[in-house]
Chemist: 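Structure below; questions to follow.
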Amino acid sequence: MSTKHTIAAARFLKNKENEAWHDHTLWMVRTKRDKMSHSLPEWERLRELASEIKLYSNSHLDTLLEEFEKNAIANGAIVHWAKDAEEHNEIVLRILRQHEARNLIKSKSMLTEECHMNEFLMSKGIDVVESDLGERILQLMHLAPSHIVMPAIHIKREQISEMMEREMGTEKGNIDPTYLTHAARKNLREKFLHADVAMTGVNFAVASTGEIVVCTNEGNADMGTSFPKVHIATMGMEKIVPNLEALGVFTRLLARSGTGQPVTSYTSHYRRPPEGQEFHIIIVDNGRSDILAKPDHIRTLNCIRCGECMNTCPVYRRSGGYSYTYFIPGPIGINLGMLRNPEEYSDNVSACSLCLSCSNVCPVKIDLGEQIYRWRQDLDKIGKASKEKKVMSFGMKFLMERPGLFNTALKFAPVVNHLPRFMVYNGLNAWGKGRELPAFAKESFNDMWKKNKVR
Amino acid sequence: MKVGLFIPCYINAVYPEVGVASYKLLKHVGVEVDYPIDQTCCGQPMANAGFEDEAARLALRMEEQFKNYDYVVGPSASCVAFVKENHPHILEKRDHACMNSKKIYDICEFLHDVVRPESLPAVFPHKVSIHNSCHGVRELHLSSPSERNIPYYSKLRDLLSLVKGIEVFEPKRVDECCGFGGMFAIEEPEVSTCMGQDKVRDHMSTGAEYITGADSSCLMHMEGVIKREKLPIKTIHIVQILAAGL
């Protein structure tokens with residue numbers, strides 16, 4: 001009854017040392033987050049507020065997005081609306097062509113990953129350069145992110161050193177992080193200086209002022225937008241918040257949750273384009289309005305992409321981001337994948353022990369684990385339920401609905417205890433892969449009660 | 001106060017001694033306790049596997065069995081949480097308003113919040129590490145979840161403080177999942193086993209001789225790891241400690 005996740009996870013776990021390191025590294029981030037969240041007495045109140053503001057904003061998109069557009073235009077920005085990934089990519093290409101741009105420098109944006117924008121632009125002859133260090137490393141290694149906040153968290157410095165020697169001519173075998181970071185910085189500096197157009201994602205868009213807010217730790221968004229004459233900011237439409245007071249709630253939660261910092265190093269507000277420059281904002285739907293029509297899953301739109309549900313998830317930490325088939329892994333990715341295309345991404349639904357740590361850690365109170373439970377209930381309807389689990393569930397139901405049969409089974413169950421080992425611990429017994437089976441009691445509780453042995 | 005003892009299927013089959021200890025303990029603290037005969041299962045295994053509707057008849061059966069009791073009390077936090085959280089919407093589809101969800105308690109919760117015994121005769125001169133099980137912590141609120149910024153509390157620790165001679169510890173990752181998760185354990189056996197191994201080692205690092213908790217299912221999973229690797233630690237349900245000497 002293996003899913004694609006099961007198989008990929010088993011592969012990840014074969015390298016035990018690497019798995020332990022991955023688990024430990026992400027748990028460290030969770031610990032840092034705990035320290036930060038415990039230092040704010042109002043933490044739980046903030047989570048509640050954040051959740052309520054998001055539920056409000058996402059149920060008032062019609063008015064808030066129009067208010068945002070009106071104010072952004074008044075500020076001098078050019079606002080575009082994209083109904084899907086294709087429209088989004090076409091809009092970006094059109095802007096680039098209008099300015100005869102040959103290259104684009106961009107900061108980190110999960111939305112451009114969602115739209116497969118880099119591949120599209122590169123196929124049209126545009127040189128796209130990622131400026132977030134993690135994303136840059138992945139771009140040069142031709143890999144996808146394995147985490148939404150720390151995209152290259154699964155890669156070790158030895159591998160980075162090798163890649164940089166090849167790409168930038170750094171010293172062979174030098175794995176000193178400071179040395180490597182300086183070299184990457186020097187290399188990127190050239191790219192910043194010669195970029196034609198800059199692109200950033202959007203962490204928050206403020207309806208009352210028409211400004212967008214970008215949070216980074218490296219200042220790469222600021223550096224990127226400082227040289228070119230054109231800035232394109234791209235946002236999923238759920239990034240809207242009503243006003244600056246609301247924004248303050250989220251900026252207090254975002255970095256504390258995501259990385260255990262009190263705040264990101266840079267929280268940059270973009271409101272007006274400088275004289276003679278252009279500021280484009282693309283508002284993207286790409287399936288988000290469909291989620292609004294699904295009350296059981298509407299809270300996924302609360303997500304501020306902090307990534308903490310991945311750090312806390314005991315399955316993610318032990319299976320790695322690449323074990324999931326959707327480009328966003330972990331609890332939020334399981335849910336977003338199912339919302340994108342349940343037939344295609346149902347393999348990730350097995351990656352959950354229903355421990356509910358994600359639901360408790362989430363700064364915007366998305367019921368992540370509970371939603372995964374609900375997705376499981378839908379798998380059979382779309383023909384994606386595991387056949388073995390179905391057989392077991394129906395078998396159990398048959399047995400449990402018949403107490404006489406159940407009691408008989410209990411009587412004979414101890415026989416299993418005495419079966420030869422090769423019959424019990426063969427390849428067919430998934431439990432037996434790393435655990436001994438529990439031994440059935442000689443007498444069940446039902447039996448003992450009837451014989452008056454319980455006193 | 002009439003209490004109906006709820007014994008989940010796997011406790012019935014594998015750990016009847018946990019049922020016996022629960023019964024003795026409830027009797028000892030002076031509540032009128034009875035066992036509705038021929039109990040089977042609450043339906044959680046099927047529901048967590050994605051077949052919630054298959055639990056409907058079992059839920060109805062439990063409603064019938066416990067209709068004459070003031071409380072339903074069981075020694076398995078996860079099963080209790082399932083009845084409390086999921087039976088209502090499962091039964092709603094069958095036009096039945098769930099009663100059990102309003103009166104069901106995990107036995108620790110029941111002792112701690114309802115009976116509130118000031119003393120127990122139990123003596124257990126051992127080091128134990130508390131296993132804060134996911135559904136016990138995050139659905140039944142038996143202790144403060146590590147993710148939340150709320151003052152520390154642990155109903156299990158409070159109850160264990162009534163036991164003489166005991167030394168109580170908790171693992172470093174205080175409420176991380178042990179990897180059981182019902183059919184998750186066999187659908188994702190590699191991840192599940194790894195989680196189990198990590199959890200047992202975390203408990204062992206406290207120096208404890210026993211892992212104890214309110215959920216026999218987690219204990220069963222960890223016991224599987226312990227036996228396979230022949231590790232020097234044992235599992236014991238908390239009611240067996242609280243009922244020691246009864």
Side-chain angles (χ1 to χ4, degrees), chain A residues 1 3 5-6 9-10 13 19 27 34 37-38 40 43-44 312 314-315 318-319 350-357 360-361 373 376-377 379-380 385-386 389-390 392-394 396-397 400-401 403 406-407 410 413 430-431 433-441 443-446 448-450 454, chain B residues 7 9 11-17 19-20 23-24 35 37-41 43 45-46 48-52 54 57-58 61 134-135 138-139 145-150 173 176-177 179-181 183-198 220-221 223-225 227-228:
Chain A
M1 63 173 129
T3 63
H5 179 270
T6 317
L13 279 156
E19 174 278 318
W27 183 259
D34 288 354
S37 62
H38 281 82
L40 289 190
W43 183 256
E44 297 301 329
T312 204
V315 179
R318 291 174 180 86
S319 59
S350 66
C352 174
S353 66
L354 295 175
C355 80
L356 304 179
S357 181
N360 281 273
V361 96
Y373 172 88
R376 285 190 184 164
Q377 310 308 322
L379 288 183
D380 202 29
S386 139
K389 272 164 76 177
K390 193 171 175 177
M392 275 191 276
S393 296
F394 281 70
M396 263 193 97
K397 165 190 142 89
M400 298 304 179
E401 284 177 357
F406 177 64
N407 284 333
L410 291 182
W431 177 280
K433 279 187 180 170
R435 300 148 294 199
E436 293 292 294
L437 281 173
F440 288 99
E443 251 180 338
S444 69
F445 189 83
N446 277 347
M448 291 177 78
W449 182 266
K450 281 180 196 162
V454 183
Chain B
I7 298 297
C9 53
I11 292 188
N12 213 324
V14 181
Y15 302 110
E17 65 276 15
V20 176
Y23 180 80
K24 284 184 177 172
Y35 176 70
I37 198 70
D38 286 341
Q39 292 181 35
T40 61
C41 173
M46 304 75 145
N48 284 0
F51 301 95
E52 193 178 77
E54 305 316 315
R57 279 175 65 179
L58 296 173
R61 192 164 180 270
C134 299
H135 296 169
R138 300 187 187 90
E139 290 193 309
S146 61
E147 298 89 5
R148 306 279 305 277
N149 183 1
I150 54 174
R173 298 184 186 186
E176 192 187 26
C177 180
F180 176 57
M183 287 195 204
F184 171 79
I186 44 178
E187 185 166 37
E188 296 256 358
E190 289 83 6
V191 179
S192 167
T193 299
C194 181
M195 286 164 71
Q197 291 166 338
D198 290 352
M220 174 173 78
H221 187 235
E223 189 187 14
V225 170
K227 284 193 176 162
R228 172 60 58 92

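The figures that follow rest on heavy atoms only: side chains count, while hydrogens, waters and symmetry mates do not. Here is the naming used below: chain letters follow the sequence lines, and residue numbers restart at 1 for every chain.
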Chemist: Specify which of A:Phe394, A:Trp27, A:Trp43 makes the most heavy-atom pairs with chain B at under 4.5 Å.
Modeler: A:Trp27
Chemist: With a 4.5 angstrom heavy-atom cut-off, which part of A:Trp449 approaches chain B: side chain, backbone, both or neither?
Modeler: side chain
Chemist: If you count heavy-atom pairs under 4.5 Å between each of B:Val20, B:Ile11, B:Asn12 and chain A, which one has the most?
Modeler: B:Asn12
Chemist: Which value, rounded to the nearest 0.5 Å, describes the distance between A:Thr6 atom OG1 and B:Ile186 atom CD1?
Modeler: 11.5 Å
Chemist: Tell me, for B:Tyr35 versus chain A, whether the close heavy atoms (under 4.5 Å) come from the side chain, the backbone, both or neither.
Modeler: both
Chemist: Would you mind checking which part of A:Met448 comes under 4.5 Å of any heavy atom in chain B, side chain (CB onward), backbone (N, CA, C, O), both or neither?
Modeler: side chain
Chemist: Please rank B:Arg173, B:Glu190, B:Gln39, B:Glu139 by heavy-atom pairs under 4.5 Å with chain A and give me the top one.
Modeler: B:Arg173
Chemist: Taking all non-hydrogen atoms of both residues, which atom of B:Leu58 and which atom of B:Cys41 are closest, and how far apart?
Modeler: CB-O, 3.6 Å
Chemist: Identify which part of A:Phe406 has an atom lying under 4.5 Å from any heavy atom of chain B, answering side chain, backbone, both or neither.
Modeler: side chain
Chemist: I'd like to know whether CZ of B:Arg228 has more than 12 heavy-atom contacts from other residues, nucleotides or ligands below 6.0 angstrom.
Modeler: yes
Chemist: At a heavy-atom separation under 4.5 Å, does A:Asn407 approach chain B through its side chain, its backbone, both, or neither?
Modeler: side chain
Chemist: Would you say that B:Glu188 contacts A:Cys352 through its side chain, given a criterion of any heavy-atom pair below 4.5 Å between the two side chains?
Modeler: no
Chemist: If you count heavy-atom pairs under 4.5 Å between each of B:Glu176, B:Lys24, B:Glu17 and chain A, which one has the most?
Modeler: B:Glu176
Chemist: Highest number of heavy-atom pairs under 4.5 Å with chain A: which of B:Thr193, B:Asn149, B:Asp38?
Modeler: B:Asn149
Chemist: Checking heavy atoms, do the side chain of A:Leu354, its backbone, both or neither come under 4.5 Å from chain B?
Modeler: both
Chemist: Any salt bridge linking B:Glu187 with A:Lys389? Criterion: basic side-chain nitrogen under 4.0 Å from a carboxylate oxygen.
Modeler: yes
Chemist: Pick one of side chain, backbone, both or neither for A:Glu19, based on which atoms fall under 4.5 Å of a heavy atom in chain B.
Modeler: side chain
Chemist: Check the pair B:Glu52 / A:Arg376 against salt bridge (Lys or Arg N to Asp or Glu O under 4.0 Å), numbers first and verdict last.
Modeler: CA-CA 9 Å; B:Glu52 193 178 77; A:Arg376 285 190 184 164; over 6 Å; no
Chemist: Take the angle between the ring planes of B:His221 and B:Phe180 and call it parallel below 30°, perpendicular above 60°, tilted in between.
Modeler: tilted
Chemist: Can you say whether B:Glu54 sits under 4.5 Å from chain A via the side chain, the backbone, both, or neither, judging by heavy atoms?
Modeler: both
Chemist: Among A:Ser319, A:Ala413, A:Pro438, single out the residue with the greatest number of heavy-atom pairs under 4.5 Å to chain B.
Modeler: A:Pro438
Chemist: State, yes or no, whether a side-chain contact exists between A:Phe445 and B:Tyr15 at a heavy-atom distance under 4.5 Å.
Modeler: no
Chemist: Name the option with the most non-hydrogen atom pairs under 4.5 Å to chain B; the candidates are A:Lys390, A:Glu401, A:Gln377.
Modeler: A:Gln377
Chemist: Is there a side-chain contact between B:Cys177 and A:Pro314, using heavy atoms and a 4.5 Å cut-off?
Modeler: yes
Chemist: Identify which of B:Met220, B:Arg61, B:Gln197, B:Met46 forms the greatest number of heavy-atom pairs closer than 4.5 Å to chain A.
Modeler: B:Met46
Chemist: Any side-chain heavy atom of A:Leu410 within less than 4.5 Å of one from A:Glu443?
Modeler: no
Chemist: What part of A:Asp34 is in contact with chain B, defined as an atom under 4.5 angstrom from a non-hydrogen atom: side chain, backbone, both or neither?
Modeler: side chain
Chemist: Shortest non-hydrogen contact from B:Gly196 to B:Val225?
Modeler: C-CG2, 4.0 Å
Chemist: Using non-hydrogen atoms and a 4.5 Å limit, figure out which bit of A:Ala385 sits close to chain B: side chain, backbone, both or neither.
Modeler: side chain
